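A quick note: this is a predicted structure, and the numbers were derived from the prediction, not measured. For this chain, numbers begin at 1 and follow the sequence in order. Ligands are counted one by one from 1 in listed order, and the atoms in each one are counted from 1 as well.
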Amino acid sequence: MFHHPSFDDHERVLHATDAASGLKAIIAIHNTVRGPALGGCRVWTYDDDDAALTDALRLSRGMSYKSAMADLPLGGGKSVMIVPERGAATPAMFEALGRAIEDLSGKYIVAEDVGSSPRDLAFVKRHTRHVTGLAPEDGGVGDPSPTTAYGCFIGVAATARAVGFPSLEGVHVALQGLGNVGYGLAAHLARAGARLTVADIAAERVRQAEAEWGAASVPVDEIATVAADIFSPNALGAGLNADTIPRLQVRAVAGGANNQLATPADDDALRMRGILYAPDYVINAGGVIKMAGEYYRWDDAEVARRVEGIADRLGEIFTEADRTGRPTGEVADRLAEARFGRG
Ligand code: NAD
């Protein structure tokens, strides 16, 4: 473990098995300096156990950065449930996972992730209260996407200000992906008077955006290179890479997708082109803030106040990047590390 390429002084890495249900899981707690380690349970068919461990180690570390830069009283953790095939996770496995989490006395808080759903978490909750992101019928606050979209809107506005637009009125945003986050963000942008060009592989979402806001549209392989003010990635990861970055025609990149940079070098490639990048895990933190609010029972006003804080946190990153000449993603990582005791 201590020599594993993805090991980063994680505080605890545990496996959890249960013969009766067939549970096979890994719980990784990266850092709890700021508070209990929050992170979803990914349910996946891994090629081998090392791939599952790598995922748990990397994703839990990522959550330490995300929670720290969202100013939450939380650390970073993640669990992975290893299943032989899609759809093989059972309620009994989630119950067994709940018992394993309860043994950690609140050091780890589970939520949903790829492959698990809010209804699965209701089975976890039978054995531990250290769970968040439940469905409303199970006592939770429900889908975090609208909060993520609102946080992204706050972040796009802050990024636009940093590149010289005092308001979003008339600002041209090229928006990739009109899913739960992208469509919600587009709605906020349209209300604020932004001009939208959109793309999605789902044609009906594009038609809806055209009808609702008079958005223009382009094919999916053209959206990253539209001449606009801001490019907003809200589909899947790695949209910013050696192919797209040289062809971007915008002043800034700000959107909700996770893992936007294909490689760490792409952070500096954007800086060299003079394109301001709003680090993905900072701008898309609305969802984790909402989950924290469910766990700590914050009211709506407190959640909104914290989501609106995304503007200040981006501002801090942009100012520091300006001062040091370093790329914004790297600056965000250093600020986060200082906040969770690794500075
Ligand atoms: P979603 O599945 O609802 O939406 C994704 C959308 O992207 C879909 O409409 C899909 O058709 C479209 N799409 C896929 N490939 C595309 C392509 N090549 N070009 C254009 N469009 C494409 O997912 P979501 O919940 O909206 O999440 C979007 C992104 O935001 C993901 O990267 C996710 O990890 C991230 N994110 C989501 C949340 C949240 O609260 N939902 C929180 C943080 C980060």
Side-chain angles (χ1 to χ4, degrees), residues 38-40 42 44 55 58-59 62-63 65-67 69-70 72 74 76 78 111-118 121 132-135 140-156 173-189 196-210 212 215-226 228 231-241 243-244 253-262 278-294 303 306-307 310 313:
L38 170 70
R42 181 156 296 189
W44 199 251
D55 225 13
R58 292 181 50 201
L59 295 168
M63 288 304 296
Y65 286 79
K66 186 164 196 161
S67 286
M69 277 314 291
L72 292 170
L74 290 170
K78 203 86 179 185
E112 70 167 306
D113 196 74
V114 176
S116 61
S117 72
L121 297 178
T132 186
L134 291 154
V141 295
D143 184 5
S145 307
T147 315
T148 304
Y150 178 57
C152 290
F153 168 65
I154 297 291
V156 171
V173 181
L175 194 138
Q176 178 185 48
L178 290 164
N180 291 320
V181 174
Y183 205 87
L185 168 60
H188 285 294
L189 291 170
L196 297 173
T197 299
V198 301
D200 195 298
I201 49 176
E204 72 281 4
R205 301 294 267 182
V206 174
R207 276 198 298 274
Q208 213 175 326
E210 287 168 341
E212 206 169 336
S217 70
V218 293
V220 289
D221 53 355
E222 289 175 21
I223 190 72
T225 55
V226 167
F231 173 51
S232 182
N234 298 280
L236 305 179
L240 303 171
N241 52 50
D243 173 47
T244 55
V253 174
N258 273 319
N259 306 318
Q260 292 173 25
L261 304 174
D280 47 12
Y281 68 86
V282 182
I283 188 171
N284 72 17
V288 75
I289 294 170
K290 181 89 169 172
M291 304 256 189
E294 176 179 323
V303 171
R306 288 174 176 268
V307 172
I310 287 173
R313 293 187 287 275

(Q) Looking at ligand 1, is there an atom of it that comes within less than 4.0 Å of some heavy atom belonging to Gly287? (A) no
(Q) Give the atom numbers and elements of ligand 1 that come within less than 4.0 Å of a heavy atom of Asn234. (A) 28 (C), 29 (C)
Q. Would Lys290 and Thr148 satisfy side chain to side chain contact (heavy atoms under 4.5 Å, CB included), going step by step from the backbone distance to the final call?
A. CA-CA 8 Å; Lys290 181 89 169 172; Thr148 304; over 6 Å; no
**Q.** Residue selection (non-hydrogen contact nearest atom 1 (P) of ligand 1) among Val114, Asn180, Val288
**A.** Asn180
Q. For atom 8 (C) of ligand 1, which protein heavy atom lies nearest, and how many Å away is it?
A. Asp200 OD2, 3.5 Å
Q) Where is the nearest protein heavy atom to atom 31 (C) of ligand 1: which residue, which atom, and how far? A) Ala235 O, 3.2 Å
Q) Where the closest heavy atom to atom 5 (C) of ligand 1 is concerned, which of Cys152, Gly179, Gly151 has it? A) Gly179
Q: Report the nearest protein non-hydrogen atom to atom 15 (N) of ligand 1: residue, atom name, distance rounded to 0.1 Å.
A: Ile201 CD1, 3.8 Å
Q: Report the nearest protein non-hydrogen atom to atom 19 (N) of ligand 1: residue, atom name, distance rounded to 0.1 Å.
A: Val220 CG1, 3.5 Å
**Q.** 4.0 Å protein heavy-atom contact status of atom 23 (O) of ligand 1, strictly under
**A.** no
**Q.** Shortest protein heavy-atom distance from atom 35 (C) of ligand 1, along with the residue and atom involved
**A.** Gly256 O, 3.4 Å
Q) Any side-chain heavy-atom pair from Phe231 and Thr244 closer than 4.5 angstrom? A) no
Q | Side-chain touch Arg306/Leu72, heavy atoms, less than 4.5 angstrom | A | yes
Q. For Thr148, is at least one N or O under 3.5 Å away from an N or O on ligand 1?
A. yes
Q | Atoms of ligand 1 close to Ser145 [distance to a heavy atom under 4.0 angstrom, numbered from 1] | A | 39 (C), 40 (O), 41 (N)
Q.
What I want to know is whether Leu236 and ligand 1 share at least one N or O pair that is separated by under 3.5 angstrom.
A. no
**Q.** atom 43 (C) of ligand 1: the protein heavy-atom neighbour that sits closest, reported with distance to 0.1 Å
**A.** Asn284 O, 3.7 Å
Q) Going by the atom numbers of ligand 1, which of them fall below 4.0 Å from some non-hydrogen atom of Leu178? A) 9 (O)
(Q) Starting from atom 27 (O) of ligand 1, what is the nearest protein heavy atom, named by residue and atom, and what distance separates them? (A) Val181 CG2, 4.0 Å
Q | Pairing residues for Tyr281 by the ring pair (Phe, Tyr, Trp, His ring centres under 6.0 Å) criterion, not counting sequence neighbours | A | none
Q.
Below the 3.5 angstrom mark, is there an N/O of Asn258, backbone or side chain, next to an N/O of ligand 1?
A. yes
